[in-house]
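Let me begin by presenting the structure, written as C-alpha cells, before commenting on it.
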Amino acid sequence: MGSHLCDRLLAAGHEVLCVDNYFTGTKRNVAHLIGNPYFELQRHDVTFPLYVEVDQIYNLACPASPVHYQHDPVQTTKTSVHGAINILGLAKRVRARVLQASTSEVYGDPEVHPQDEAYWGRVNPIGTRSCYDEGKRCAETLFFDYHRQHRVDIKVVRIFNTYGPRMHPDDGRVVSNFVVQAIRGSDITIYGDGAQTRSFCYVDDLIEAMLRMMSTDAGFQGPVNIGNPGEFTMLALAEMVIRLTGSRSKLVFQPLPSDDPRQRQPDISLARKRLDWEPRVGLEDGLKETIAYFRSILS
Ligand code: UDP
Ligand code: UDP
C-alpha cells in the first residue's frame, strides 16, 4: 500500500519521504521512483525516534499478514505502540497532520454485522492475534489522546482486507496465497471449512479513500471504515480465482488458525458521507489485475 500511496502523492505534486524497515516491504516496489528528485527513501524502524521535517504523515508501519505479525509478536506490538508514540511525538513537534492506518481487526471476531465505527469490538487480549489487534487498538488510543491532550491534528482510518499488485508472493494472506497457488497449479489451501467471510478492497480504491481522509476538515478525526462491502466466503474466493486463472488446482482443507474471525464486512456509510467515497473496483476486476501482476513476477 505504501508504494501505491507514494505514487499517488508524487503524481499530485507532493514531495515524499518514504520510511521503511523492509521487514515485509521490498525496495522493488519503489524502485521506479528512485531518481525522482521529489522522492526520498530512508531505511528506518518506527520503534526508534525519527527526526525529520514534514507537514503530513501517513503511518502505515506494521506487518499486517497474520503469518508475518505472529512471527515476532513482541516486535509487532512495539511497532504499533512505540511506533505510534514516536510518530505522534514527531507530528506534535513539527505540527504535522498525521493519519493512522488502523484496521478492521480492532473489531475482533465481531457480534455485529456489518461493523460500523461505533462498535467497540470483541477482541481476545491474550491470543495469537492480540499482538496485532491490541497493538492497533492501543495506537488508536494514543492518537486520540495526543489529539485531546496535545491538540495533534489526527486522522484515523480502519482498513478492511485489501489486495492488489505489489503484494509479496509469500505474504501469507488469502488473496495472494490463492492467486500464487492457482498460477503454480499447486493446491489451494482453505483454512477451516471456507465458510468464513471477508470483504476485499482493491488497493487503488483504498488509497483514494486515504487521500480523501487526509484532506478532511481539522474538526474531523474519524475513525472511518474503509473497505469494500462486497462480502465473500473463502470458498467463493477460491472458486473465482480458479475460474479467472483457468487453473487446475484442487482445494485442500487445513486447520483454521486460532481466533480467526468468522465474518467481516465494513459499514461504509460514514466514508460515503464524509469522504464522498465508495469503492469502484469489484472483486473480479481487481483479481484480474492482481493475477496479471503475479504472473509477471512469477514467470
Ligand atoms: N519523537 C520523535 N521525533 C520527533 C519528536 C519526538 O521520534 O520529532 C519521539 C521522542 O523520542 C519521544 C516520542 O516521540 O519519545 C514522544 O514524543 P513526546 O513529545 O510526546 O514525548 P516526550 O518527548 O515528552 O517524552
Ligand atoms: N485463509 C485461507 N487460506 C489461506 C490464507 C488464509 O483460507 O491460504 C483464510 C484465513 O483463515 C481467514 C481468511 O482467509 O479466514 C483471510 O485471511 P487473511 O490472512 O488474508 O487475513 P485476515 O482477514 O484473517 O487478517
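A quick note: this is a predicted structure, and the numbers were derived from the prediction, not measured.
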Within the 4.5 Å heavy-atom criterion, are [X] and [Y] side-chain neighbours or not?
X	Y	value
V175	L287	yes
V156	Q221	no
R43	K27	yes
W277	I226	yes
T103	I159	no
P165	T290	yes
R173	N161	no
S104	R158	no

To the nearest 0.5 angstrom, please state how far the [atom1] atom of [X] sits from the [atom2] atom of [Y].
X	Y	atom1	atom2	result
S215	L99	OG	CG	10.0 Å
I87	S80	CD1	OG	11.5 Å
C131	Q75	SG	CD	11.0 Å
D259	D133	CG	CG	8.0 Å
M213	E208	CE	CD	14.0 Å
C6	N29	SG	CG	10.0 Å

Counting only heavy atoms not in [X], do more than 12 fall under 6.0 Å of its [atom1]?
X	atom1	result
Y22	OH	yes
R93	CZ	yes
H71	NE2	no
F220	CZ	yes
R274	CZ	no
R243	CZ	yes

Search all heavy atoms of [X] against all heavy atoms of [Y] and return the closest pair with its distance.
X	Y	result
L142	V81	CD1-O, 3.7 Å
F178	M234	CE2-O, 3.5 Å
V19	L50	CG2-CD2, 4.3 Å
P229	G227	CD-O, 3.8 Å
T79	C62	CG2-CA, 3.7 Å
I126	N124	N-OD1, 2.8 Å

(request) Among D153, D55, D217, find the residue that satisfies the salt bridge (Lys or Arg N to Asp or Glu O under 4.0 Å) test when tested with R97. (result)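 It is D153, the one option of D153, D55, D217 that forms the salt bridge (Lys or Arg N to Asp or Glu O under 4.0 Å) with R97.
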(message) Applying the salt bridge (Lys or Arg N to Asp or Glu O under 4.0 Å) criterion to E105, which one of R122, R198, R129 satisfies it?
(response)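 By the salt bridge (Lys or Arg N to Asp or Glu O under 4.0 Å) criterion, E105 pairs with just one of R122, R198, R129: R129.
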(message) Among I268, L270, T216, which residue satisfies the side chain to side chain contact (heavy atoms under 4.5 Å, CB included) criterion with V224?
(response)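 It is L270, the one option of I268, L270, T216 that forms the side chain to side chain contact (heavy atoms under 4.5 Å, CB included) with V224.
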Do [X] and [Y] share a hydrophobic cluster (ILVMFWY, side-chain heavy atoms under 4.5 Å, transitive)?
X	Y	answer
Y51	V46	no
I207	L17	no
L244	L235	yes

[Y] backbone acceptor or donor facing [X] side chain under 3.5 Å:
X	Y	result
D45	N21	no
S249	I188	no
S199	R264	yes
K136	A101	yes

(request) List the steps and the verdict of side chain to side chain contact (heavy atoms under 4.5 Å, CB included) for L88 and V98. (result) CA-CA 8 Å; L88 287 159; V98 57; 4.0 Å; yes
(message) Could you go through V157 and L206, starting from their C-alpha distance and side-chain angles, then the distance that decides it, and tell me whether this counts as side chain to side chain contact (heavy atoms under 4.5 Å, CB included)?
(response) CA-CA 10 Å; V157 292; L206 198 99; over 6 Å; no
(message) So if I apply the side-chain hydrogen bond (donor to acceptor under 3.5 Å, both in side chains) rule between T197 and each of H113, E231, R262, Q265, which one comes out positive?
(response)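 Option passing the side-chain hydrogen bond (donor to acceptor under 3.5 Å, both in side chains) with T197: E231.
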Any side-chain donor paired with an acceptor under 3.5 Å for [X] and [Y]?
X	Y	value
Q254	T189	no
E140	S102	yes
H68	Q70	no

(message) Please list all pairs meeting ring pair (Phe, Tyr, Trp, His ring centres under 6.0 Å) that have one or both residues in residues 143-177, counting only residues at least two apart or in different chains.
(response)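 Found Y146-H150, Y163-Y202.
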(message) Walk me through whether V30 and F39 qualify under side chain to side chain contact (heavy atoms under 4.5 Å, CB included).
(response) CA-CA 10 Å; V30 288; F39 180 75; 4.0 Å; yes
(request) Starting from the C-alpha separation in whole Å, work towards a yes-or-no answer on side chain to side chain contact (heavy atoms under 4.5 Å, CB included) for N86 and L90. (result) CA-CA 6 Å; N86 288 328; L90 168 63; over 6 Å; no
